[in-house]
Amino acid sequence: MDTIKKTGLRDFYILWSTQSLSQLGSAMTAFALTLWLYNTTGSALSTAALTICTYAPYVVMSIFAGALSDKFDKKKTMLVCDAFAAVCTIVVLVLYKTDTLSIWHLYLINVITGLMNTVQQPASEVAYTMIIPKEYYQKTGGLQSLSRSIISIGNPVISAAVYGFAGLDAVIAVDLMTFAIAFITLALFIRVPKITAASENEGNVLVLAKEGLVYLKSNPLILNVILFMSGVNLISSAFNATLPAYIIPNPRGGDSVLGVVTSFSGVAMVVGSLIATNMPKPKDRVKVIYLSMLFSLSTENFILAFTRVPVIWCIAQFLGWIFVPVMSTNQNVIMRNSVPANLQGRVFACRNTLQFFTIPIGLLIGGFMVDDICEPFMAVRSGIWSLLFGSGKGSGAALMLFILGVAGVTMCLIFGNRLSKYHYSD
């Protein structure tokens, strides 16, 4: 910890900025592939399946990956996982340039990159813990949210522009360039302090994974916050599967409009990140988490469902995302302060499994509901249904957004009573 005090936030700033740049490149490729796939298939479910293939291995293997992360050097783990992910991106580029890229290629490659993210993410979390002085947890958490926000703004707009003017191969080239910068910086210029030998774990991976679950079970405050967020992620992922099917076929929508609307979630998160970075220490972080998500889920879905104006879609995205950084920052502070560093890999990985297992489920439900339930339903409806949700392709997605709004508010109210029993102030 003495090394951390001497360097202050220097290593954090270097690692955070270069990793954020690489994340922007990766996000651009993911967005461009979504456009390519939807324009190829016209199916909300097929595009949702692309993300499902990324999250499914992430959810299933996270518990074991966290245990592995605790056994090995964090910096080397991050480098190896990033290198594998870059190789997968190169494979996509080769397939695309040779006109052999198929949908199943993307699904398989996303499964592989999902596995790499499964190991890399908990190692990265612990690495940040080891280079950040404790008194800066809230500030750095806000800055990490800020970078994610800027990525959310720039990614869809830049990706749609590059994809439209230069093609998928140009987007991938940008991705690989940003990866190289981040990889070289981490390898040569960042020193991640090692956890002391007394706290290193040499046990069986299954035993270590169980320890993470046992820790969460013995800490009901953390566990209930995680379960609440799993419900939020269920609604949010179904929304993510629905939004392209709502905006792209809309007469006032399209690929570029989807990019602009999506970027407003990033604008909101920049504002929210600045709030999270500079806000005073809350009296109760659990209450902040709950109220933030209640506001998000009770605004965006309803506004989008009942409007046909792109400007209002942007406003809806802004309202739905402005308090997300506040939520994530407060959850991260609770986790970093509560979980010992030598347990964080497996505990954070267990958190990932419990909190994110609903994402592939939500994506599947969202895509299925739009394609097979809501769109066919709206195709034979008129009158009040058309007045509320419009007509033609995309009206079923509008109906689905309304359903998600009702489901989100209901879920928050149910969990609100449960979370009211817990308080956290550091």
Side-chain angles (χ1 to χ4, degrees), residues 16 125 128-129 132-150 152 216 219-237 239 264-302 316-339 344 347-348 350-352 354-356 358-359 405 407-426:
W16 166 65
E125 292 277 8
Y128 275 116
T129 297
I132 300 172
K134 184 176 181 180
E135 62 268 25
Y136 293 116
Y137 282 169
Q138 178 167 322
K139 178 180 179 179
T140 54
L143 289 173
Q144 287 176 289
S145 293
L146 177 62
S147 63
R148 289 192 292 268
S149 307
I150 295 174
S152 296
L216 288 178
N219 289 269
L221 182 154
I222 297 176
L223 180 60
N224 277 277
V225 169
I226 290 172
L227 294 177
F228 169 65
M229 289 308 304
S230 72
V232 172
N233 286 332
L234 178 68
I235 305 299
S236 299
S237 56
F239 170 86
F264 265 81
S265 64
V267 174
M269 289 180 68
V270 167
V271 177
S273 298
L274 294 174
I275 294 172
T277 302
N278 297 287
M279 68 185 294
K281 187 183 298 183
K283 293 182 179 179
D284 183 0
R285 293 190 185 275
V286 176
K287 189 174 183 179
V288 171
I289 291 171
Y290 165 71
L291 292 178
S292 298
M293 293 300 93
L294 176 61
F295 179 85
S296 294
L297 295 180
S298 62
T299 54
E300 182 178 20
N301 287 299
F302 291 119
Q317 281 273 279
F318 185 90
L319 293 175
W321 286 88
I322 186 170
F323 291 121
V324 170
V326 176
M327 172 280 298
S328 62
T329 297
N330 280 276
Q331 186 183 12
N332 283 336
V333 171
I334 293 174
M335 294 288 290
R336 293 192 192 280
N337 278 333
S338 302
V339 184
Q344 283 189 10
V347 173
F348 278 43
C350 290
R351 183 275 307 270
N352 293 344
L354 295 174
Q355 184 167 313
F356 300 138
T358 53
I359 290 179
V409 172
T410 302
M411 185 276 299
C412 282
L413 293 177
I414 292 173
F415 262 97
N417 181 58
R418 190 169 184 174
L419 290 174
S420 65
K421 302 175 184 177
Y422 303 100
H423 304 275
Y424 182 90
S425 179
D426 50 291

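Residues: numbered from 1 along the sequence shown. Note that this is a predicted model, so its numbers are computed, not measured.
Expressed to the nearest 0.5 Å, how far CZ of Arg351 lies from CD1 of Ile226 amounts to 6.5 Å. Note that CG of Leu419 is 12.0 Å distant from CE of Met293, once rounded to the nearest 0.5 Å. Atoms CD and OG, on Gln344 and Ser338 in that order, are 10.0 Å from each other to the nearest 0.5 Å. Atoms OG1 and NZ, on Thr129 and Lys134 in that order, are 11.5 Å from each other to the nearest 0.5 Å. Glu135 contributes atom CD, which lies 10.0 Å from atom OG1 of Thr140 (distance to the nearest 0.5 angstrom). Note that CG of Leu354 and CG of Asn233 are 11.5 Å apart. Values are rounded to the nearest 0.5 Å.
Among all heavy-atom pairs drawn from Gly142 and Ala276, the shortest one is CA-CB, 4.4 Å. Minimum heavy-atom separation, Pro325 to Ile322: CD-O, 3.5 Å. Of all heavy-atom pairs spanning Gln317 and Ala268, the tightest one is O-CB, 4.3 Å. The shortest non-hydrogen separation linking Phe415 to Asn224 is CE2-O, 4.4 Å. Between Ser236 and Leu297 the shortest heavy-atom distance is OG-CD2, 4.4 Å. Here the closest heavy-atom approach between residue Val326 and residue Ser292 is recorded as CG1-OG, 4.0 Å.
The shortest distance between side-chain heavy atoms of Met411 and Val232 falls below 4.5 Å. No side-chain heavy atom of Ser296 sits under 4.5 Å from any side-chain heavy atom of Trp321. In this structure the side chain of Leu319 never reaches within 4.5 angstrom of the side chain of Glu300, judged on heavy atoms. For the pair Ile235 and Phe239, the minimum side-chain heavy-atom distance is 4.5 Å or more. Side chains of Tyr128 and Arg336 form a contact here, defined as non-hydrogen atoms less than 4.5 Å apart. Between Val347 and Met335, some side-chain heavy-atom pair lies under the 4.5 Å cut-off. Using a 4.5 Å heavy-atom threshold, the side chains of Leu223 and Asn219 count as separate. Put simply, the side chain of Ile289 reaches to within 4.5 Å of the side chain of Met229, judged on heavy atoms.
Between the side chain of Asp284 and the backbone N or O of Val286 there is at least one donor-acceptor pair closer than 3.5 Å. Between the side chain of Thr277 and the backbone N or O of Leu274, no donor-acceptor pair lies under 3.5 Å. Panel note: side chain Arg285, backbone Thr329; no donor-acceptor pair is recorded below 3.5 Å. At distances below 3.5 Å, at least one donor-acceptor pair connects side-chain atoms of Thr358 with backbone N or O atoms of Ser230.
By the 30° and 60° cut-offs, the orientation of the rings of Phe295 relative to Phe323 is perpendicular.
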